[in-house]
Amino acid sequence: MATAAQWLEGARPRTLPNAIAPVLAGTGAAAALDAAVWWKALLALVVSLALIVGVNYANDYSDGIRGTDDVRVGPVRLVGQRLATPQAVRTAAIASLLVAAVAGLVLALLTAWWLLLFGAACLAGAWFYTGGRNPYGYSGFGEIAVFVFFGLVAVLGTQYVQAERVDWAGLAAAVAVGAFSSAVLVANNLRDIPTDTESGKTTLAVKLGDQRTRTLHAVLLALPFAMTLVLALRTPFALLALVAVPLALRANAPVRGGRGGPELIPALRDSGLALLAWSAVTAAALAFG
């Protein structure tokens with residue numbers, strides 16, 4: 001049986017910046033409209049954190065029963081490494097997604113009923129990334145889904161439940177967060193090209209090949225700073241988010257340096273740290289600028 005530490009590692013805590021950052025950015029965008037509601041922001045954070053943990057356990061379960069995780073570099077795979085039964089990991093995934101569903105239901109009922117449709121789409125996206133007969137993560141659509149769900153939907157959804165409207169600044173922040181989040185997945189899938197190719201998992205990285213995937217990672221890390229220049233039209237304090245540039249450069253260093261396998265793990269970590277730093281500074285600039 002898996003230990004508590006292994007269950008925690010199986011939840012992939014290094015991905016948590018992808019859940020925290022959109023709530024920070026969306027709340028900052030709501031505050032820029034003088035409409036921040038902090039308890040709604042906390043509920044949105046519960047949704048986002050529970051959703052990403054649910055996604056991670058669901059991926060562990062689905063990849064594990066398919067045999068995709070039998071040979072892997074990176075974090076603990078509970079099913080693939082036979083540390084926990086598939087049923088136990090599936091239960092953990094469902095429990096996490098239920099927490100996200102309940103918190104999302106409360107937000108929708110207090111804001112607008114049609115938000116339930118977006119919630120249902122998020123839950124379906126979480127499960128069918130690697131689950132079901134035709135998982136879209138096996139067909140090269142993972143980065144697009146991350147951009148949409150942890151970028152556009154998460155940031156603009158957080159802004160909307162507080163301000164009951166969205167604006168161009170929220171959209172710019174959503175694009176930036178989505179790009180950063182996708183960069184994390186690109187680094188992960190770049191590392192896994194050899195094993196994914198062998199197991200038949202056709203990620204975007206497998207489709208693009210090694211060199212073009214490395215170029216994509218650089219482009220995705222540059223895009224948020226272009227959005228910083230756009231957000232500077234709202235407040236010049238948004239330019240303070242350029243402090244995240246060194247983190248982005250550090251995240252891309254092993255990628256542009258041709259590293260592979262475990263040597264790419266720092267690229268995942270630092271891409272997430274750049275995302276979190278950019279979002280925190282931008283949120284503060286929008287809220288108080």
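- Under the 4.5 Å side-chain criterion, counting only non-hydrogen atoms from C-beta, Val79 is not in contact with Asp63.
- Within a 6.0 Å sphere centred on CZ of Phe118, other residues, nucleotides and ligands contribute 12 heavy atoms or fewer.
- The shortest distance between side-chain heavy atoms of Leu229 and Leu239 falls below 4.5 Å.
- Looking at Arg90 and Gln87, their side chains come closer than 4.5 Å, going by heavy atoms from C-beta outward.
- The NZ atom of Lys40 lies 3.5 Å from the OG1 atom of Thr111; values are rounded to the nearest 0.5 Å.
- Annotation: cation-pi pair Lys207/Phe141 present, NZ/CZ under 6.0 Å from the ring centroid and within 45° of its normal.
- For the residue pair Leu231 and Ala169, the shortest heavy atom distance occurs at CD2-O, 3.5 Å.
- By the 6.0 Å contact criterion, CZ on Phe237 is open, its count of non-hydrogen atoms from other residues, nucleotides or ligands being 12 or less.
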Exercise for the section: Could you walk me through whether Thr15 and Val184 pass the side-chain contact (heavy atoms from CB on, under 4.5 Å) test, one step at a time? Expected result: CA-CA 8 Å; Thr15 65; Val184 175; 5.6 Å; no
Exercise for the section: Please report the C-alpha distance between Leu123 and Leu51 in whole Å, then the side-chain angles of each, then the deciding distance to 0.1 Å, and finally whether the side-chain contact (heavy atoms from CB on, under 4.5 Å) criterion is met. Expected result: CA-CA 8 Å; Leu123 292 173; Leu51 189 63; 4.2 Å; yes
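- Linking ILVMFWY residues whenever their side-chain heavy atoms come closer than 4.5 Å, directly or via other members, places Leu107 and Trp114 in the same cluster.
- The closest side-chain heavy-atom distance from Leu42 to Val46 is not below 4.5 Å.
- Note that CD1 of Ile144 and CG of Leu185 are 11.0 Å apart. Values are rounded to the nearest 0.5 Å.
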Exercise for the section: Take Leu273 and Asp270 through the side-chain contact (heavy atoms from CB on, under 4.5 Å) test and state the conclusion after the steps. Expected result: CA-CA 5 Å; Leu273 290 176; Asp270 293 335; 3.8 Å; yes
Practice task
Give the intermediate values and the outcome of side-chain contact (heavy atoms from CB on, under 4.5 Å) for residues Leu204 and Thr213.
Solution key: CA-CA 8 Å; Leu204 181 60; Thr213 300; over 6 Å; no
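- In summary, Asp192 and Lys201 do not engage in a salt bridge, as defined by a charged side-chain N under 4.0 Å from a carboxylate O.
- Other residues, nucleotides and ligands contribute only 12 or fewer heavy atoms inside 6.0 Å of the CZ atom of Arg165.
- For the pair Ser182 (side chain) and Glu143 (backbone), a donor-acceptor distance under 3.5 Å is present.
- In summary, of the residues considered (Val166, Val23, Thr27), a side chain to side chain contact (heavy atoms under 4.5 Å, CB included) with Gln159 occurs for Val166 alone.
- Of all heavy-atom pairs spanning Val55 and Ala126, the tightest one is CG2-CB, 3.3 Å.
- To the nearest 0.5 angstrom, Asp60 atom CG is 4.5 Å from Leu78 atom CG.
- A 4.5 Å side-chain heavy-atom check between Ser48 and Pro22 finds at least one atom pair inside the cut-off.
- A chain of hydrophobic side-chain contacts below 4.5 Å, direct or via other Ile, Leu, Val, Met, Phe, Trp or Tyr residues, connects Ile65 to Trp127.
- Of the inter-residue distances, the one linking Thr282 atom OG1 with Leu24 atom CG reads 10.0 Å to the nearest 0.5 angstrom.
- Tracing side-chain contacts under 4.5 Å through hydrophobic residues (I, L, V, M, F, W, Y), one never reaches Leu216 starting from Phe147; they form parts of separate clusters.
- A 4.5 Å side-chain heavy-atom check between Ser279 and Val177 finds at least one atom pair inside the cut-off.
- For the pair Pro17 and Leu276, the tightest heavy-atom approach, listed with the atom from each and the gap, is CB-CB, 4.2 Å.
- Follow the hydrophobic side-chain contacts under 4.5 Å out from Leu171 and you reach Leu223 in the same cluster.
- Between the side chain of Gln162 and the backbone N or O of Ala35, no donor-acceptor pair lies under 3.5 Å.
- The closest donor-acceptor contact from the side chain of Tyr57 to the backbone of Ile94 lies at 3.5 Å or more, if one exists at all.
- A side-chain donor-acceptor contact under 3.5 Å links Tyr136 to the backbone of Gly125.
- Between the CZ atom in Arg82 and the CZ atom in Arg77 there is a gap of 13.5 Å [rounded to 0.5 Å].
- Residues Phe180 and Phe150 fail the side-chain proximity criterion, which asks for heavy atoms closer than 4.5 Å.
- Without hydrogens or angle criteria, Asp167 side chain to Gly170 main chain gives a donor-acceptor distance under 3.5 Å.
- The local environment of CZ in Arg259 is sparse, with at most 12 non-hydrogen atoms from other residues, nucleotides or ligands closer than 6.0 Å.
- Closest heavy-atom contact between Arg66 and Pro135: NH2-CD, 3.6 Å.
- Between the CG atom of Leu97 and the CD1 atom of Ile52 there is a distance of 11.5 Å, given to the nearest 0.5 Å.
- When the side chains of ILVMFWY residues are joined at heavy-atom separations under 4.5 Å, either directly or via intervening members, Val148 and Leu220 end up in two distinct hydrophobic clusters.
- Nearest heavy-atom pair across Ser96 and Val53 is OG-CG1, 3.6 Å.
- Taking each heavy atom of Thr130 and Ala58 in turn, the nearest pair found is OG1-O, 3.9 Å.
- Leu268 pairs with exactly one of Arg191, Arg14, Arg12 by the side chain to side chain contact (heavy atoms under 4.5 Å, CB included) rule, that one being Arg191.
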